Amino acid sequence: QVQLVESGGGLVQAGGSLRLSCAASGRTFSRYDMGWFRQAPGKEREFVAAISWTGGRTVYVDSVKGRFTISRDNAKNTVYLQMSSLKPEDTAVYYCAASQKSPSSLYNRKYDYWGQGTQVTVSS
């Protein structure tokens, strides 16, 4: 069992930056590949980024490439999402999730555990 708690959301002006954190409980964090997702009002949940259990592989949705960076610190059981050059369309609730580690593609994974989400609002 893995419990995930996101933090770091808030209100920021367009062009600004935020860093989201996701703290995981337990000693098995390094067994999981991790992902970030987001859900805007009235829209379906969207994949944002993912990182392998070693941190050696990362993938992003096209709309955030070059602006967002996913990273992790296995010693701290934490995954991060550094968001820069934020746009109003980035406004959403952001969720982190854990997927059993695998050498397969980080896209289209099944995620076993989810956090409760943190709100990010970007004003124009």
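Everything numeric in this text was worked out from a predicted model, so none of it was measured. Here, residue 1 is the first one in the sequence, and each next residue gets the next number.
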Under 3.5 Å: donor-acceptor pair, side chain of N74, backbone of W53: yes

Tightest non-hydrogen contact, residues A24 and L4, listed as CB-CD2, 3.6 Å

List in chain and number order the residues that pass ring-ring contact (aromatic ring centres under 6.0 Å, His included) with F47, two or more places apart in sequence or in another chain; answer none if no residue qualifies. F37, Y107

According to side-chain hydrogen bond (donor to acceptor under 3.5 Å, both in side chains), who are the partners of Q119, at least two apart in sequence or on a separate chain? T121

Judged by atom type as modelled, is there a donor-acceptor pair below 3.5 Å linking the side chain of N77 to the main-chain atoms of F29? no

Can you list every disulfide (SG to SG under 2.5 Å) pair that touches residues 31-90, not counting sequence neighbours? none

In terms of heavy-atom contacts, does CD of Q3 have more than 12 from other residues, nucleotides or ligands at under 6.0 Å? no

Tell me every residue that passes salt bridge (Lys or Arg N to Asp or Glu O under 4.0 Å) with D112, counting only those two or more places apart in sequence or in another chain. K110

How would you list, by chain and number, every residue that makes a side-chain hydrogen bond (donor to acceptor under 3.5 Å, both in side chains) with S105, sequence neighbours excluded? none

Got a second to check how far S99's OG is from R109's CZ, nearest 0.5 Å? 4.5 Å

Between V79 and F68, is there a shared hydrophobic cluster once you connect ILVMFWY residues whose side-chain heavy atoms come closer than 4.5 Å? yes

Among all residues two or more places apart in sequence or in another chain, which pass the salt bridge (Lys or Arg N to Asp or Glu O under 4.0 Å) test with R38? E46, D90

Spatial distance of atom CG (L20) from atom CE (M83) [nearest 0.5 Å]: 3.5 Å

Over all atoms of both residues, closest heavy-atom pair of E6 and G117: OE1-N, 2.9 Å

How long is the span from the CZ atom in R19 to the OG1 atom in T69, to the nearest 0.5 Å? 11.5 Å

With D62 via side-chain hydrogen bond (donor to acceptor under 3.5 Å, both in side chains) - residues at least two apart: K65

With K43 via side-chain hydrogen bond (donor to acceptor under 3.5 Å, both in side chains) - residues at least two apart: none

Enumerate the disulfide (SG to SG under 2.5 Å) contacts for residues 26-85, please, sequence neighbours excluded, ordered by first and then second residue. none

Take Q100 and Y111 through the side chain to side chain contact (heavy atoms under 4.5 Å, CB included) test and state the conclusion after the steps. CA-CA 8 Å; Q100 293 281 348; Y111 285 83; over 6 Å; no

Sort and list the pairs that fulfil disulfide (SG to SG under 2.5 Å) and have at least one residue in residues 37-74, not counting sequence neighbours. none

Flag yes if more than 12 heavy atoms outside R31 fall under 6.0 Å of its CZ atom; otherwise flag no. no

Kindly state each residue pair satisfying disulfide (SG to SG under 2.5 Å) with at least one member in residues 10-117, sequence neighbours excluded. C22-C96

Which pairs pass salt bridge (charged side-chain N to carboxylate O under 4.0 Å, His left out) with one or both residues in residues 69-87, sequence neighbours excluded? none

